[in-house]
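Below is one structure, written out as structure tokens, with a few remarks after it.
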Amino acid sequence: MNSPLINVCDISKTFVLHNIDGREVTALQNVSFSIAPGEHVALAGSSGAGKSTLLRLLYRTYTLTSGEINFRLSSGEWVDIGKLTDPEVVALRGREIGYVSQFLRAQPRRSVIDLVTRAGVSRGMSRNDAREHAAISLRRLNIAESLWEIHTSVLSGGEKQRVNIAAGLISPPRLLLLDEPVSALDPENRERAIDLISQLSEAGVAVLAVFHDLDAIARLATRIVVMSHGHLIDDGPAQSILPQLQPTDVHS
Amino acid sequence: MTQSPIITPQAAIRVRGLSKFFGPIDEGAIARTGPEFGTARDPLSGSIVAAWDVNFDVAAGEALGIVGESGSGKSTVLRCIAGDQPSSAGSVHLMCHDEGRTNVLDLSPAARRKLRIDQLSVVYQDPAEGLSLGVTAGGNIADPLTAAGWRNFEAIRVRARDLLDRTEVPLDRMDDIVRNFSGGMRQRVQIARALANNPPIVLLDEPTTGLDASIASGVLDLIRGLLEELDLAVVVVSHDFAVIEMLTQRCIVMQHGRVVEDALTDQLLEDPQHPYSQKLVTAARS
């Protein structure tokens, strides 16, 4: 196996609810695993298992309670994501780590093509290159050219999700976190999105993903990590874990 | 300290230990005020610790939010940086002024006013603070331009027209008195004026508070677009998390004159750490 891009070592997350009598809610406990470049790791487990918590900890949307998240920079140096300063995280999020959520975040009055192009520019592409790649992705995701110049706010849910995928995958960062990226898509558009996502692995991008259906996992994952009640209970090649999974293991 | 392997952009504004008191303050007053005591007012002396030991950096192309309820000290911090209020302690270094070597808080009032011409602009909640309401939109923009040495009438008109166009003020209103403008339109003129001399730093104090929701979202869109295009270093004070979420990547939370949390904006909204931050976010989300 390739040397890992990210090493998650014994991480735990406990929320302290100060305004509800200081109640503590542990969402994740002693989780360890790693991801190498080109690997596509799918997170499985029933609702509340800690899958989204894990994605958010890696992106630093959640703060870590204990453990280490060691990430190998493109310079080859290692950093512990949990210990970075906020400005360092902002810098890291630009080109090294990306997060594609289920929903397109509100960016009113931005046209579809502009939104995707800017995402490419923000990751270091030239404007022309970014625009060209944006057009290719939008076509592949079946977003009609007549929609390219309109504001994203008026798109349908499925269109928004595809635009979000196009923006998230253009000039992809080295680690991509996918949180139910195809949940709102009809079968045909879902196929197209899955095709595009599958190319990430060929491009050497490390992916950690949560999907709402087993079929997406079967199509994309090279490895599956199974979570239950905040613990990692299984981690192995997709072909050996997939047969054991139930449909209830993917509901978020 | 070892060098971080992650390169972060250089600070355009560096604020260290910024503090503002009203009335005589000793160490005891500091120890008797703040979040643990539920007040910024020292019960013994009656003095107020409006802001204590505020620290942050903002880079070009970045916006930092300051959030908190009224009376938390957030606007005080902004006004001390702007020079609208004298500060009591601390330092503010601006990369655009003397390459960041001078603490601008030590400058003379005249020198501080000069910074406001083309180094640092403020957009206030109340347009009457940032504009002369009895003057035309064009005249309001001409004002900072002439202060910066512009003398050619036609060039000033062209620049004013360009700025009003950019801030989406109908050009046929350029020669109307600002008092006759709607709230949203006044705010757009104020933004146009703030940008007149291309300052690298812009401070926004509740820029959309008091506007109707639909008007506020238009002004917010405008500000966000300008932030991205002009590579500004921005500090935005707001009690409104929708504004903070849309404009900033990082923020600080203030309560009773103290910074109780500094955070990535998404982290503040999803996983606030301090009890006060949790209360604010819960209130905003319900």
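Note that this is a predicted model, so its numbers are computed, not measured.
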- Qualifying salt bridge (charged side-chain N to carboxylate O under 4.0 Å, His left out) pairs with a residue from residues 198-216 of chain B, counting only residues at least two apart or across chains: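 For residues 198-216 of chain B, and leaving out neighbouring residues, the salt bridge (charged side-chain N to carboxylate O under 4.0 Å, His left out) pairs sorted by first residue read B/K74-B/E206, B/R79-B/D205.
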
- Residue, of B/E62, B/K279, B/E245, that accumulates the most heavy atom pairs under 4.5 Å with chain A: B/E245

Would you call [X]-[Y] a salt bridge at under 4.0 Å N-O?
X: B/R250; Y: A/D86; value: no
X: A/E77; Y: A/R72; value: no
X: A/R118; Y: A/D114; value: yes
X: B/D221; Y: B/R224; value: no
X: A/R56; Y: B/D271; value: no

- What residues of residues 260-270 of chain B sit under 4.5 Å from chain A when only non-hydrogen atoms are counted? B/D262, B/A263, B/L264, B/D266, B/Q267, B/E270

- Query: Which bit of A/V16 is near chain B, if near means a heavy-atom gap under 4.5 Å: side chain, backbone, both or neither?
  - Reply: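 Contact with chain B is through the backbone of A/V16 alone.
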
- Answer with side chain, backbone, both or neither: which region of A/Y62 has an atom nearer than 4.5 Å to a non-hydrogen atom of chain B?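 For A/Y62, backbone and side chain are both near chain B.
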
- Rounded distance [0.5 Å steps], CG in B/L105 versus CG in B/L18: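 Nearest 0.5 Å value for the CG-CG distance: 6.0 Å.
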
- Could you state the interatomic distance from CD (A/E180) to NE2 (A/H212), rounded to the nearest 0.5 Å?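 It is 6.5 Å, given to the nearest 0.5 Å.
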
- Query: Can you name the residues that form a salt bridge (charged side-chain N to carboxylate O under 4.0 Å, His left out) with B/D240, not counting sequence neighbours?
  - Reply: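 Per chain and number, B/D240 pairs via salt bridge (charged side-chain N to carboxylate O under 4.0 Å, His left out) with no residue.
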
- Task: Please list, in residue-number order, every residue in residues 121-133 of chain A that has a heavy atom less than 4.5 Å from any heavy atom of chain B; write 'none' if there are none.
- Result: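 If one takes a 4.5 Å heavy-atom cut-off, no residue of residues 121-133 of chain A lies near chain B.
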
- When you measure from the centre of the six-membered ring of B/F181, is the NZ or CZ of B/R173 under 6.0 Å away and within 45° of the axis?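 Yes, a cation-pi geometry holds between B/R173 and B/F181.
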
